[in-house]
Amino acid sequence: MEYNHKEIESRWQQYWKENKIYKTEIDSSKPKYYVLDMFPYPSGAGLHVGHPLGYIASDIYSRYKRLNGFNVLHPMGYDSYGLPAEQYAIQTGQHPEKTTFENIDRYRSQLDKIGFCYDWDREIRTCDPSYYKWTQWAFMKMYGHYYDRTADKALPIGDLIAHFEKEGTSGVNAACGKEMEFTAAEWNGMSPKEKSDTLMNYRIAFLADTMVNWCPKLGTVLANDEVSEGLSLRGGYPVEQKLMYQWCLRVSAYAQRLLDGLDTIDWTDSLKETQRNWIGRSEGAEMRFPIAGSDIELEIFTTRADTVFGVTFMVLAPESAYVDMITTPEQRQAVEAYLDEVKHKTERERMIDKKVTGVFTGAYAVNPLTGKNIPVWVSDYVLAGYGTGAIMAVPAHDSRDYAFARHFDLPIIPLIEGADVSEESFDAKSGKMINSASSELDLNGMEVKEAIAATKRFIEEKGIGKVKVNYRLRDAIFSRQRYWGEPFPVYYKDGIPTLLPEDSLPLELPEVDKFLPTETGEPPLGRAKNWQTAEGYPLELNTMPGFAGSSAYYLRYMDPRNNDALVSKEADEYWQDVDLYIGGTEHATGHLIYSRFWNKFLYDLGVVCRDEPFRKLVNQGMIQGRSNFVYRIKDTNTFVSAGLRKQYDTTPIHVDVNIVSNDVLDTERFRAWRPEFKDAEFILEDGKYVCGYAVEKMSKSMFNVVNPDDIVDRYGADTLRLYEMFLGPIEASKPWDTNGIDGVNRFLKKLWGLFYKGDNLLVSDEPASKEALKAVHKLIKKVTADIEIFSYNTSVAAFMICVNELTQLKCHSREALEPVVVLIAPFAPHIAEELWHALGHDTTVCDAQWPVCNEEYLVESTVNMAVSFNGKARYNIQVAADASREEIEKIALANEGAAKWIEGKQVRKIIVVPGKIVNIVVG
RNA sequence: GCCUGAAUGGUGGAAUGGUAGACACGAGGGACUUAAAAUCCCUUGGCCAUAGCGGCUGUGUGGGUUCGAGUCCCACUUCAGGUACCA
């Protein structure tokens with residue numbers, strides 16, 4: 001038999017499926033291992049060759065762990081709610097479920113061809129009611145809890161209500177939107193609506209007026225991580241700021257725990273750093289500046305308390321509530337004109353044009369340390385959402401304040417010795433303080449760090465302010481004005497949001513006639529008939545965002561068909577957490593934050609036993625496209641080969657990479673490719689047409705999309721798998737380059753050749769030679785070590801070396817071949833299964849034992865050592881492998897004439913590292 | 001601006017501080033063949049030498065530590081990714 005990948009692969013894939021080889025059950029006799037891929041959003045374009053990179057890597061690890069006796073959970077599913085299907089539905093009128101399911105089927109058939117060991121009985125889809133029941137359930141729990149800072153965990157909102165009834169807000173230490181103060185009597189006197197509104201300030205899932213990223217083109221709000229540089233990530237449409245009443249999740253309550261948790265997990269430093277930046281902890285002080293002639297106090301946040309003597313003005317964010325409170329009648333018109341101007345600018349416009357703008361409110365604040373009056377301004381360079389939305393401006397030591405002061409001609413007071421602030425501000429947090437003394441506080445002469453600490457102490461003692469930690473991390477906006485998402489299990493009773501009863505879940509997504517907003521501007525669910533409770537109360541019209549369904553999916557895989565719980569106690573305690581998670585870095589500030597938050601919340605409730613969901617995370621790189629070009633000579637239909645193109649005036653044209661092989665164009669297929677090239681002429685070099693190339697994004701318009709199906713069809717899944725791993729380290733981004741795939745395919749044929757010559761099985765029961773066993777055990781050692789560090793590319797190289805050696809040794813001994821088959825099984829499972837059965841086994845190779853390296857085979861009787869004298873005149877000596885240091889020295893010296901003197905110089909030092917290199921220093 | 005990471009042949013990439021360039025592609029040469037494909041063998045960082053041994057040089061740049069540096073330290077250059085009026 002020749003190596004026939006098609007026949008082998010389809011036969012074994014069918015066998016695995018029929019015998020449910022990869023079905024996983026709880027088995028307390030074995031240690032568990034949970035390997036997870038970030039599940040895909042099934043897009044209409046299908047899989048390209050870049051998608052499976054991470055899946056192959058995780059598949060290898062899963063199979064490896066299984067061969068090592070672990071009970072491996074390795075599931076797959078689909079993140080099937082999302083904007084693209086809905087946008088497509090709007091354009092075509094097709095129900096998003098229909099296109100989504102079609103896409104899922106296509107993904108599945110593509111995935112199946114690659115031979116993954118997923119337990120498909122555990123498949124989940126986020127748009128399936130039996131799945132999103134638990135998304136809705138988690139939302140209800142978040143609604144029903146608040147974050148208690150003293151207990152440092154989520155507690156039932158009922159506890160808080162009981163506290164309010166007895167003591168009001170006194171003694172409450174809870175995460176909230178704004179600090180509130182009321183007595184028990186006041187609470188008990190509130191109307192139901194007032195109570196509901198008050199509790200919204202504390203609930204973990206809550207309704208609030210929030211500044212949102214509104215994307216008019218998509219007709220919905222977007223989360224911060226769905227917006228980049230003022231444009232929507234999906235579609236690239238402009239995004240503006242808008243105040244809307246929205247569902248939110250109090251992610252910020254978990255900021256510190258999300259930060260601390262990073263120290264306990266095995267992720268790359270760069271990813272942890274990205275999350276740390278996103279959480280953005282900054283330690284500073286909150287200070288109050290009284291407004292002159294009123295009892296209003298401006299509260300500001302600063303990390304530079306030391307610079308308080310250099311405050312020459314204050315700035316409010318345009319959206320700040322203070323603006324209206326303090327603006328003087330004389331300035332009101334100017335301020336309102338400015339606010340109007342700012343409102344009409346989109347986020348993007350604000351960013352592009354960094355002109356300094358602002359307006360004076362007419363009010364003055366009193367510096368609590370100097371007693372001096374300082375003007376209060378409004379400017380859009382201060383953000384409403386961070387800190388208190390108001391700052392003290394220190395132009396000498398902050399570049400933004402500096403630009404503002406220069407523009408409006410405000411005074412600049414330097415506070416650090418030697419700082420030259422005539423051209424720019426001095427932002428560094430170092431140096432000795434000057435100009436910073438009052439009768440009560442003297443910072444002069446202190447280092448900046450000391451001064452910060454001293455000022456903080458002072459303001460706390462004087463009650464001017466307090467030490468405060470701020471986080472950049474915002475609460476997640478959880479409403480989307482879209483159709484294709486999870487409905488909220490919420491209705492409105494006399495305007496008061498109320499949860500549906502838990503046993504009514506799931507609340508299924510209703511049918512609508514169109515997927516567009518209603519004429520009155522309500523979300524698409526406003527079109528649904530009878531979208532109300534049995535009593536006639538209206539149901540929530542918003543749906544949940546994409547990250548809702550993907551935040552706890554890893555838990556659902558543990559117990560996917562359980563209708564009574566998200567995950568049973570038994571399943572949770574057995575599978576615990578994801579041991580290895582593989583996916584792209586693009587989810588660093590979205591999914592990977594939300595998931596950790598969601599999991600910590602469930603941990604607080606005692607639903608899950610682990611605080612962190614993903615123990616180890618590996619980021620696979622992106623596979624870019626590698627485009628090919630042909631060069632058309634201007635105004636002709638003649639194409640010139642890349643090497644000769646400089647002699648002509650040419651235009652490069654993208655050509656389909658599938659009709660190019662090793663950068664050589666198949667000219668016949670090119671003529672057939674498109675009608676306009678039917679009569680194309682070619683100027684060849686060395687009889688070939690060589691194409692140019694460039695690395696670009698993989699996309700249809702560049703004709704550089706390589707479909708895995710085509711590769712599988714031509715070379716087989718095993719070749720595809722090995723080649724994707726051989727391409728380079730999995731974390732690295734690299735262009736897909738089909739050049740070179742032949743080498744991997746050739747290797748598999750050679751491996752096959754160790755077993756078969758034509759139809760003859762060559763395998764013998766003769767013992768293997770020492771050399772053959774050495775080659776095999778070297779392989780065992782190398783591959784075992786490589787897999788543990790995900791260095792799959794060097795593993796593949798090791799296989800090639802070993803097979804070459806065995807081929808040269810003409811080794812067909814079962815003793816040598818059997819371990820090789822088991823080792824290759826994770827990488828190329830189909831051929832391994834075939835060869836395993838050729839060796840006479842009737843069980844599947846998946847249940848084999850991972851071979852153990854016997855170091856004895858690797859021991860050399862003698863070792864070659866390079867000896868150099870002063871780094872020069874290097875030569876080799878042979879010594880016994882177990883030779884002592886002294887013996888090696890002796891032999892080394894003997895070889896160079898046994899001399900204590902070399903080239904007339906005395907030997908001073910001999911450094912010997914057994915097995916390595918001997919260097920002798922003279923002089 | 002800040003934070004991460006990277007820089008090695010024509011290409012993708014190997015190298016616990018110890019013979020740089022494993023493995024593969026590509027290229028060149030050869031064998032087999034009427035021919036092609038497939039397969040196999042040899043050469044392949046650069047320069048010099050070549051009948052043969054070989055020699056010099058070489059991991060972005062400049063320094064440093066070390067008997068010894070692609071690897072560690074300092075400074076710089078370039079590229080990639082993340083992030084940004086976050087006070």
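Within every chain, numbering begins at 1; the chains are lettered A, B, ... in the order of the sequence lines, protein sequences first and strands thereafter. Since this is a predicted model, take the numbers as computed values, not measurements.
Here the nucleotide nearest the side chain of A/W278, chosen from B/A84, B/G12, B/C25, is B/A84. The A/R400 side chain lies nearest to B/C86 when the options are B/C86, B/C40, B/A84. Of the candidates B/A87, B/G13, B/C3, the closest approach to any side-chain atom of A/E273 belongs to B/C3. Considering only side-chain atoms of A/T302, the nucleotide from B/U4, B/A24, B/A87 that sits closest is B/A87. The listed nucleotides are B/A22, B/A87, B/A24; the one nearest the side chain of A/V382 is B/A87. Of the candidates B/A87, B/C86, B/G12, B/C86 carries the atom nearest the A/R472 side chain, counting heavy atoms from C-beta on.
Atom-to-atom, NZ of A/K734 to C1' of B/C79 comes out at 18 Å; the value is rounded to the nearest Å. Taking atom CD on A/E299 and atom C1' on B/A87, their separation rounds to 15 Å, with Å as the unit. Atom NZ in A/K456 sits roughly 14 Å away from atom C1' in B/A87 (whole-Å rounding). Nucleotide B/A37 holds its C1' atom 11 Å from the NZ atom of A/K749, rounded to whole Å. The CG-C1' distance, from A/N470 to B/A84, rounds to 17 Å in whole Å. For the pair A/E731 CD and B/U4 P, the computed distance is 19 Å after rounding to whole Å. Between the CG atom of A/N739 and the P atom of B/A27 there is a distance of 9 Å, rounded to whole Å. In this structure, A/L473 atom CG and B/A84 atom P are separated by 13 Å, rounded to whole Å.
Rounded to a whole angstrom, the distance from the P atom of B/C86 to that of B/G17 is 40 Å. For the P atoms, the distance linking B/A37 with B/G21 amounts to 33 Å, nearest Å. Rounded to the nearest Å, the gap between the P atom of B/A49 and that of B/C67 is 38 Å. When the C1' atom is used for both B/C73 and B/U19, the distance is 26 Å, rounded to whole Å. Nucleotides B/U43 and B/C79, compared at atom C1', are 34 Å apart to the nearest Å. B/U11 and B/U59 have their P atoms separated by 16 Å, given to the nearest Å. Nucleotides B/C76 and B/C25, compared at atom C1', are 35 Å apart to the nearest Å. As rounded to the nearest Å, B/G68 and B/G1 have P atoms that lie 38 Å from one another.
A/K750 comes within 4.0 angstrom of the backbone, heavy atoms only, and of no base. Across all strands, A/R746 comes closer than 4.0 Å only to sugar-phosphate atoms, never to a base (heavy-atom distances). Using a 4.0 Å heavy-atom criterion, one finds that A/L727 contacts the sugar-phosphate atoms exclusively. Across all strands shown, A/P735 has no heavy atoms under 4.0 Å from either base or sugar-phosphate atoms. Within the 4.0 angstrom heavy-atom criterion, no nucleotide atom of any strand lies near A/D401. As judged by a 4.0 angstrom heavy-atom cut-off over every strand, A/N745 is placed among residues making no nucleic acid contact.
For the pair A/R746 and A/W752, the cation-pi criterion (under 6.0 Å, within 45° of the ring axis) is not fulfilled.
In this structure, the side chain of A/D398 engages the main chain of A/D401 through a donor-acceptor pair within 3.5 Å. A donor-acceptor pair under 3.5 Å is formed between the side chain of A/H397 and the backbone N or O of A/L415.
When only modelled atom types and interatomic distance are considered, A/N745 and A/T719 share a side-chain donor-acceptor pair under 3.5 Å. Side-chain contact of A/D786 with A/T794: a donor-acceptor pair under 3.5 Å is present, judged by distance alone. Side-chain atoms of A/S252 and A/D475 include a donor-acceptor pair closer than 3.5 Å. Between A/D427 and A/Y402, the side chains place no donor N or O within less than 3.5 Å of an acceptor N or O (distance only, hydrogens not considered).
In the interface, the side chain of A/R474 is paired with the base of B/C86 through a donor and an acceptor atom under 3.5 Å apart.
For B/G10, the base is anti relative to its sugar; the glycosidic angle deviates from 0 by more than 90°.
Ion pairing of A/K781 with A/E855 is present here, as a side-chain N (NZ or NE/NH1/NH2) and a carboxylate O approach within less than 4.0 Å.
Projected onto RNA chain B by closest heavy-atom contact, A/D737 and A/S791 fall at different nucleotides, the more 5' of which corresponds to A/D737. Residue-to-nucleotide proximity on RNA chain B shows that, of A/M392 and A/T274, the 5′-proximal contact is made by A/T274.
Between A/Y386 and B/A87 there is a side-chain polar atom (N or O) within less than 4.0 angstrom of OP1 or OP2. Phosphate contact (OP1/OP2 of B/G82, side-chain N/O of A/N277, threshold under 4.0 Å): absent. Dashed line: the shortest gap from a side-chain N or O of A/N619 to OP1 or OP2 of B/G82 is not under 4.0 Å.
Here the CG-OG1 distance, from A/N470 to A/T388, works out to 8.5 Å after rounding to the nearest 0.5 Å. Rounding to the nearest 0.5 Å gives a distance of 5.0 Å between CD1 of A/I279 and CG of A/L258.
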Next item on the list: Using a 3.5 Å limit on both pairing distances, list the dot-bracket string of RNA chain B from the 5' end; Watson-Crick and G-U wobble pairs count, crossing pairs take [ ], interstrand pairs take |.
Entry: (((((((..(((.....[....)))((((((.......))))))((((.....))))..(((((..]....))))))))))))....

